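Scroll down for the structure; my scribbles are underneath it.
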Amino acid sequence: MTLPALTFSEDQAEAYDRVAELLREAGVDLIQGHVLPAKEGKSQAMALIGKAGSGKTLLLAELYKALESAGLDIVSGDFESRKRREKRTLAILAPTNKAASVLRMRGVPATTIHRILYTPVYDPEYERIAEWLTGNGEKPEIEALTDEALDRAFNSYQGHKSVPAALASAGLRGSDFITGWKRREEPLDIGFVDEASMLDERQFEDLQEIFPTLLLFGDPAQLAPVNAPGGMVFDGMKPEQKMELHRIHRQEADNPILDLAHALADPDLQFSDFERMVEEKSKQDDRVVWGQRVEVDLMARSPVLVWRNNTRIRLINAFRAVHGAPDTELLAGEPLICDGLELPLKHRKKRLDLEARGLIKGAQVIYLGPGRKPGFSRLHVMGAEDPQVSAASIVKIERPDEEEPFIPFAAGMGATFLHGAAVTIHKAQGSQWDTVQVFAPDLFVAARMGRVEAGQPLWKRLAYVAITRAQERLIWVVRNRLSKPTGPLTVEDLKVSTAPTLTLEAEEFQ
């Protein structure tokens, strides 16, 4: 067997072989590079599961490279040519923009599940440019674009195969050419889903309807979705449909954050033992910090992770207080978390539009300022490829010891938001940040309560999920204190250039 040019662990090699066999049954031979036309047949699904550091993402990336080399088209959600529908395709999905952006940072062209479930309807000018970029049409003549700008877009597309990014190099935003959205009706082909532990049964069923061949990548040690009392979707799959990766990669072996995560598997480990372990790691490696207070500057982009809701509310109000935020309005730069959409059924199109733009439950956004209409907000959706959107908003900020939140402003209907300076560990699943602050006093309370989930002490599951959100640095906060900000809130790090569009302006959704 010819594997990709890297050294797989033994269980990764076995997993690669099992996936190759699954794909061979679907008409895609990774070994010989042969691809047969898709044929009707029963759907097949498989799950590759493993804890953080077991190599799931590396395996996903190598499988993507092999499928692309075999000639499969990558469905990214930004444009699908009508002229290529006979070709075999691969879509790589994640539940949230943040999770998809983690894969894109590693060179894997991932998009969100919603972006695949809902497909855009484009302005004809966009389709002409996109068909040319993807090799399915002649170079167009566009009045608002020079030949030099088109050439820049073409050269850009050759490097990363992203139509919106190519247009951005020509000074245009792809979202400005979207005239509407529709629910996908036609099936796709092969689908990879990362962070599959976040899926609920309804999403899993939708994905199985669209993808005859579906491969899930998930972590069984994470927390099951709140609305999934039966556990994670791969828990119900047959044993022959699952494979678990165990070996920790050599290049990850010196990662103190992963060392701490895997230490939680010890059934004899107590909370006090774990805290001593964290403190010792902090003395040996600056990637682990024994924090005496919550760093308020980090909260604007990387929320503090907590267990209890009242802790979340107290930290949010402390964050706003130290920044001098008034009750009646938001400051530009304040973080928000999308809590869903409040839209009646007759506004289905607007719901699809907002969800496809990334405003789904759990999405992290930054408030940029008021929109052009009362109740509208300009928002930056973290992790989205086209992040800036204006939407009717209902912002709710809870207060300690008060049942009703106060609402700085609200549209009659639209996207609802909670403040995002602190979030529960459950809601943080699927996201990663360079630096993560974990509020340890909350986990101490969970340990004292002695609660158990899926056969494991709840505090261990919470700690595992929380610390594995950290990509580079973990701050284990041991005191209920908040630092002072070093400066005012800002949005300078989120600036996106806005060039003139061809014929359309970005729509504000009501």
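All values reported here derive from a predicted model rather than from experimental measurement.
- In summary, of the residues considered (V193, D189, L93), a side chain to side chain contact (heavy atoms under 4.5 Å, CB included) with F211 occurs for L93 alone.
- Listed for the E62 side chain is no donor-acceptor partner under 3.5 Å among the backbone atoms of L59.
- F319 is linked by a ring-ring contact (aromatic ring centres under 6.0 Å, His included) to H323, H419, counting only residues two or more places apart in sequence or in another chain.
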For this session: Just do the salt bridge (Lys or Arg N to Asp or Glu O under 4.0 Å) check on E280 and K283 with the steps written out, would you?
Result: CA-CA 5 Å; E280 285 302 312; K283 295 174 182 176; 3.6 Å; yes
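- Residues P220 and E244 meet the side-chain proximity criterion, which asks for heavy atoms closer than 4.5 Å.
- Atom CG of L215 and atom CG of L60 lie 7.5 Å apart (nearest 0.5 Å).
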Exercise. Stepwise, does the side chain to side chain contact (heavy atoms under 4.5 Å, CB included) test hold for T424 with W307?
Worked result: CA-CA 5 Å; T424 61; W307 174 45; over 6 Å; no
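- For the pair F217/L63, a side-chain contact is recorded, criterion being any heavy-atom separation below 4.5 Å from C-beta on.
- In terms of the side-chain contact (heavy atoms from CB on, under 4.5 Å) criterion, residue partners of Q203 (sequence neighbours excluded) are, by chain and number, L199, D200.
- In this structure, the side chain of R479 does not engage the main chain of G291 through any donor-acceptor pair within 3.5 Å.
- Taking the side chain as every heavy atom from C-beta outward, V436 and I257 never approach each other to under 4.5 Å.
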For this session: Could you please spell out the steps behind the salt bridge (Lys or Arg N to Asp or Glu O under 4.0 Å) verdict for R308 and D442?
Result: CA-CA 7 Å; R308 296 177 295 177; D442 259 21; 2.8 Å; yes
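- Of all non-hydrogen atoms in F234 and A47, the two that sit nearest each other are CB-CB, 3.8 Å.
- Rounded to the nearest 0.5 Å, atoms CZ (R184) and CD (E209) are 13.0 Å apart.
- Between S54 atom OG and H262 atom NE2 the span is 7.0 Å, to the nearest 0.5 Å.
- Proximity of a side-chain donor or acceptor of Q429 to a complementary backbone N or O of L223 within less than 3.5 Å is detected.
- A donor-acceptor pair shorter than 3.5 Å cannot be found between the side chains of W476 and Q437.
- Nearest heavy atom pair, residue N255 against residue R287, reads CA-NH1, 4.3 Å.
- Rounding to the nearest 0.5 Å gives a distance of 8.5 Å between CG of L117 and OG1 of T112.
- When all heavy atoms of K98 and S431 are compared, the closest pair comes out as CB-OG, 3.5 Å.
- No donor-acceptor distance shorter than 3.5 angstrom exists from the side chain of S43 to the backbone of Q208, with no hydrogens or angles considered.
- Looking at heavy atoms from C-beta onward, L258 lies out of side-chain contact with K51 at the 4.5 angstrom threshold.
- A side-chain donor-acceptor contact under 3.5 Å links R88 to the backbone of L36.
- Looking at heavy atoms from C-beta onward, L216 lies out of side-chain contact with L48 at the 4.5 angstrom threshold.
- Under the rule for a side-chain contact (heavy atoms from CB on, under 4.5 Å), the partners of T213 that lie at least two apart in sequence or sit in another chain are L22, L23, A26, Q44, I190.
- Using a 4.0 Å cut-off between a side-chain N of Lys or Arg and a carboxylate O of Asp or Glu, K281 and D259 qualify as a salt bridge.
- With hydrogens and angles ignored, the 3.5 Å screen pairs a side-chain donor or acceptor of Q12 with a backbone N or O of S9.
- When atom types are taken as modelled, the side chain of K460 and the backbone of L269 share a donor-acceptor pair closer than 3.5 angstrom.
- The shortest non-hydrogen separation linking A66 to Y16 is CB-OH, 3.5 Å.
- We find the CG-CG distance between L379 and L494 to be 11.5 Å, quoted to the nearest 0.5 Å.
- Using a 4.5 Å heavy-atom cutoff, the side chains of K396 and F417 are not in contact.
- Without hydrogens or angle criteria, D285 side chain to V288 main chain gives no donor-acceptor distance under 3.5 Å.
- Here the CD1 atom belonging to I475 is positioned 14.0 Å from the CD1 atom belonging to I467, to the nearest 0.5 angstrom.
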Problem set entry | Stepwise side chain to side chain contact (heavy atoms under 4.5 Å, CB included) check, M382 with N97 | CA-CA 7 Å; M382 300 297 285; N97 280 295; over 6 Å; no
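- Heavy-atom minimum distance, A421 versus P335: N-CG, 3.7 Å.
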Exercise. Can M46 and K242 be said to form a side chain to side chain contact (heavy atoms under 4.5 Å, CB included), step by step?
Worked result: CA-CA 6 Å; M46 179 179 175; K242 295 186 286 186; over 6 Å; no
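- With sequence neighbours excluded, the residues forming a side chain to side chain donor-acceptor pair (under 3.5 Å) with R312 are N309, E398, listed by chain and number.
- When every heavy atom of A300 is checked against every heavy atom of I366, the shortest pair comes out as O-CD1, 3.5 Å.
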Exercise. Going through the distances and angles, do L474 and V438 end up as a side chain to side chain contact (heavy atoms under 4.5 Å, CB included)?
Worked result: CA-CA 8 Å; L474 168 69; V438 180; 3.7 Å; yes
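- By the side chain to side chain donor-acceptor pair (under 3.5 Å) test, E21 pairs with R24, sequence neighbours left out.
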Atom pairs and distances, donor-acceptor, side-chain atoms in residues 443-459, under 3.5 Å, two or more places apart:
none

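- Side-chain contact between I92 and T111 is absent, with no heavy atoms from C-beta onward closer than 4.5 Å.
- The existence of a salt bridge linking E68 and K65 is excluded, since no basic side-chain nitrogen approaches an acidic carboxylate oxygen closer than 4.0 Å.
- With a 4.5 Å cut-off on side-chain heavy atoms, C338 and K361 do not count as touching.
- Between D434 and R473 no salt bridge is recorded (no basic side-chain N to carboxylate O distance below 4.0 Å).
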